Each structure stands twice: as structure tokens, then as C-alpha cells.
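One structure is given below, encoded as C-alpha cells.
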Amino acid sequence: MSIRIHELAKRHNMDSKDLLALLKERGYVSPDTKSVSSTVSKIYEEEIDKEFAQKAATAEQPGAATAESTAETAAPAAAPQVRLPAGVFVKSKEDVAREREDAVKAKAPAPVVMPPPAPRP
């Protein structure tokens, strides 16, 4: 059974395009593969899983520092960063309210203006 590249990237908290580049580099997928919705065979999936498991285990090993010195120098955990596609921006509460008001104004019928009466001869 095979797995899609974007699913494998999601499993390892990795960008899909970066994983696709890694798979191409190693020859796990065809060099002309362009889509992250393409599949990777089970054998290569297991290889990637093993590699990332080894990296995670290496990163989790405690250092030689004592608990006291680590507690003193430890920085607060950074908030996770969200990756947004290029060109995406977040609207403020005021922007949303202004857009709603503009939409209501656009839907309202225009006032009817009567021309002044023509003078009688």
C-alpha cells in the first residue's frame, strides 16, 4: 500500500514541498513528479519514518547539564508558528465590521430624487 506525499509530510510536521524535494533527491519518486498528492511506496515510507524517528530520538536526549542550570537558562517556549500561503493576510475586527457595513450600504436601494417641476408657460 502507498501513501500520499502530503500525508507523509503532515505526519512528520514538514512542509509538503520540502518533503517532495527530499524524496526526489533520494530517488524515492520520479524526478518529474510535481504534485504532493502523488504517492510513495510503503518501503520508502518506512525508510522516511525510521529516519525521522532517529532524528527525534537524538533531539530528545537530555544534555549533560544539571536540572538547576537548565531551569535557570531555559527560555519560555515559543508559540508555534503558522505557515500561511503567500498573499494571505488576517483581517482585523474593524476591517470585518467595515466590510459588513459597506455590504449593507451596497444592498440598500438608492434614494429616488425627483427633478424639480418645470416652470409653466
Side-chain angles (χ1 to χ4, degrees):
M1 189 92 186
S2 58
I3 186 171
R4 299 215 182 252
I5 296 171
H6 65 88
E7 292 172 351
L8 187 59
K10 191 178 202 181
R11 180 188 305 168
H12 295 291
N13 295 324
M14 188 175 185
D15 186 42
S16 301
K17 294 287 183 179
D18 294 339
L19 182 61
L20 177 60
L22 178 74
L23 294 172
K24 283 182 182 180
E25 179 182 304
R26 296 192 178 167
Y28 293 171
V29 294
S30 172
D32 61 341
T33 302
K34 297 178 183 175
S35 175
V36 295
S37 62
S38 298
T39 59
V40 178
S41 69
K42 185 72 172 171
I43 295 170
Y44 298 131
E45 174 190 354
E46 291 171 358
E47 290 293 322
I48 295 293
D49 287 341
K50 285 179 189 176
E51 178 184 344
F52 283 109
Q54 287 175 351
K55 286 183 181 180
T58 305
E60 290 178 2
Q61 289 180 349
T66 62
E68 291 178 14
S69 64
T70 306
E72 293 173 2
T73 59
Q81 294 183 348
V82 177
R83 285 188 167 191
L84 296 176
V88 173
F89 63 95
V90 179
K91 295 180 185 179
S92 67
K93 185 177 179 181
E94 293 81 21
D95 290 337
V96 173
R98 186 178 60 249
E99 287 179 358
R100 286 183 182 159
E101 289 174 10
D102 291 345
V104 168
K105 287 178 185 176
K107 288 182 181 178
V112 178
V113 178
M114 299 286 290
R120 291 187 174 197

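Quick caveat, the model's predicted, so the values are computed rather than measured. Residue indices begin at 1 and follow the sequence shown.
Scanning all heavy atoms of the two residues, the minimum distance from Arg98 to Asp95 falls at NH2-OD1, 3.0 Å. Of all heavy-atom pairs spanning His6 and Ser37, the tightest one is CD2-CA, 3.8 Å. Between Ile3 and Glu7 the shortest heavy-atom distance is CG1-OE1, 3.5 Å. Residues Glu45 and Val40 come closest through the heavy atom pair N-CG1, 4.1 Å. Considering all non-hydrogen atoms of both residues, Thr39 and Ser2 come closest at CB-OG, 3.6 Å. Contact record, Ser35 with Ile5: O-CD1, 4.1 Å, taken as the closest heavy-atom pair.
Evaluation of the side chain to side chain donor-acceptor pair (under 3.5 Å) rule for Asp32 yields Ser30 as partners, not counting sequence neighbours. For the side chain to side chain donor-acceptor pair (under 3.5 Å) test, no residue two or more places apart in sequence or in another chain qualifies with Lys34.
Atom CD of Glu99 is separated from atom NZ of Lys91 by 3.5 Å, given to the nearest 0.5 angstrom. Taken from CD in Glu46 to NZ in Lys50, the straight-line distance is 6.5 Å, to the nearest 0.5 Å. Taken to the nearest 0.5 Å, the CG atom of Asp18 stands 11.0 Å off from the CG atom of Leu23. Rounding to the nearest 0.5 Å gives a distance of 10.5 Å between NE2 of His12 and NZ of Lys55. Taken to the nearest 0.5 Å, the CD1 atom of Ile48 stands 7.5 Å off from the CE atom of Met14.
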